[in-house]
Amino acid sequence: MKTPLYKTSARNLAHAVKHGEITAEKIVSYFSKRIKAFDETVGALLLDLSDRALEKAKKVDQKRAAGKPLGRLAGVPIIIKDNIQIKGERTTCASKILKNYVAPFDSTVTRFIEEEDGIILGKSNLDEFAMGSSTEYSAFRATYNPWNLRCTAGGSSGGSAVAVAAGLSPIALGSDTGGSVRQPGSFCGIYGYKPTYGRVSRFGLVAFGSSLDQIGPFARTADDIALIMEVMGKPCNQDSTCYHELPEPYLDELDTSIQGKVIGVPYSLFEGKIDSDVRKVFDEAMAVYQSLGCKITPIELPMVKYSIPMYYIIATAEASTNLARYDGIRYTDRSKNARTLEQVYEMSRNEGFGAEVKQRILLGTYVLSAGYQDAYYRKAQKVRTLLIQDYNKAFKNCDLIAMPTSPTPAFELGAIHDPVTMYLQDIFTISANMAGIPGLNVPAGFDKDQKPIGFQIQGPQFADGRVMRFAHHFEKATSFANAFPPSFDKEVN
Ligand code: GLN
């Protein structure tokens, strides 16, 4: 039997459109029907852009009919996190304060996608301003894990992860400041990729921690990660931190052999500290690499254990600066009760931001305040440099580093009340943001309750292609990337 469309990769969908086997319009109406059938159950979207998408799809089909060449994402539906801007559409960041904000310009990533005839189908749910690990801090709705609806999909890019896992689109975009693409990827059993810092333009991504933020894709195959990264990972003059060279041909290099390569594992970091099923899946994954001719070697990354304190100083400091622009004057709604200028700032911010965001702004303002800057902010920056040195040293002895993505499989919604326990979710993901290196969640197994588990691979800066290649070889040797959550593994009428 032919693969149903919801399980077809983006690469194959674009191929079919280019060869006239299916129209872009048909693909878009198919996926928009799936959104109508399933989104109420999973809560992936904040905005359904089906009408806009159908218009775009018709244009792609007209282009083909006119004999013009089609782009690399011809007719591929893509869902994007609602902190990435599309001109003329709302960008809420799942915050009450931005509920009426309409983007006046396109982000570079959506421009690149549309230039390649990709079609944006909707905007997805997130933790408010991307601060969280469970999507529970969204001001608007809850998001549920398609593998187990009582559980979180992870966060903060939970809506995008669910969209791909439940087959609402083959690719979705998230943003990863401390793990927000990789951790939901792991919880939902799909790939979630954080590129090298600077590989993807941040222009049009609402800033959280500017020295850490990267837009990254979710997909069900390493091929699709490579494809979308070739499209998105290009130079952009509007982001001064964006790399000025074109990406390597990721797709062409996926099959290059990994035989004889060395994978470093920082065992002492997680020994005895992670869920036993997570450990089992990790060890089995390393055994797969050994059978593919790789050597596994223990390494040390001593500074990674300070990731959480380092992150909650640097990320909150940057967030307190970035979020200062939401003041009731520009962008945001203004408090109806404010009478004076002071009240406009105070009341608009107080009514508009949720508790977690307020907590981060307060923390960030504190660590930057006179007298505390040296003790906290500058100290954290020094530790960050030591962490980068750890990685540089480690990569002298290995080609790639592997470790768990998250210490546990998906937890139940509402199960974590204490912010620090929530923050500890990111103990294995933050270091890649701090060091600016690429990190990828690779789907690799299940726990005893059939909840997905992934592991993470990290590479040196700009070795993005290498990371994808290692994932691709694992995918070919196993079958986890084909797994689909049973309740959504069906066609809708
Ligand atoms: N969970 C982390 C936080 O709450 C990371 C978020 C992210 O990567 N956007 O800040």
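Along the sequence shown, residues carry numbers from 1. Scope of the values below: all heavy atoms of this structure, side chains included, with no hydrogens, waters or symmetry mates. Numbering of ligands and ligand atoms starts at 1, following listing order.
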Practice item. Go through the structure and list residues passing ring pair (Phe, Tyr, Trp, His ring centres under 6.0 Å) with Phe208, not counting sequence neighbours. Key: none
**Study point:** Set of residues that line ligand 1, where lining means a heavy atom lies under 4.0 Å from it
**Key:** Ala130, Met131, Gly132, Ser133, Ser156, Asp176, Thr177, Gly178, Gly179, Ser180, Phe208, Tyr311, Tyr312, Arg360, Asp426
Check your understanding: Is the Tyr6 to Phe484 ring centre distance short of 6.0 Å?
Key -> yes
Exercise for review: Would you check if the distance from the ring center of Phe187 to the ring center of Trp147 is below 6.0 Å?
Suggested key: no
Exercise answer: donor-acceptor pairs, residues 360-367 side-chain atoms, under 3.5 Å, sequence neighbours excluded:
residue : atom : partner : partner atom : Å
Arg360  : NE   : Glu356  : OE2          : 2.7
Arg360  : NH2  : Glu356  : OE2          : 3.1
Thr365  : OG1  : Ile361  : O            : 2.6

Check your understanding: For the residue pair Phe474 and Phe455, does the interplanar ring angle fall in the parallel (under 30°), tilted (30 to 60°) or perpendicular (over 60°) class?
Key -> perpendicular
Please report, to 0.1 Å, the donor-acceptor pairs under 3.5 Å made by any side chain of residues 153-162, with sequence neighbours excluded.
residue : atom : partner : partner atom : Å
Ser156  : OG   : Lys81   : NZ           : 2.8
Ser156  : OG   : Ala130  : O            : 3.3
Ser156  : OG   : Ser180  : OG           : 2.7
Ser157  : OG   : Lys81   : NZ           : 2.9
Ser157  : OG   : Ser175  : N            : 3.3
Ser157  : OG   : Ser175  : O            : 3.2
Ser157  : OG   : Ser180  : O            : 2.8
Ser160  : OG   : Ser124  : OG           : 2.7
Ser160  : OG   : Leu173  : O            : 2.7

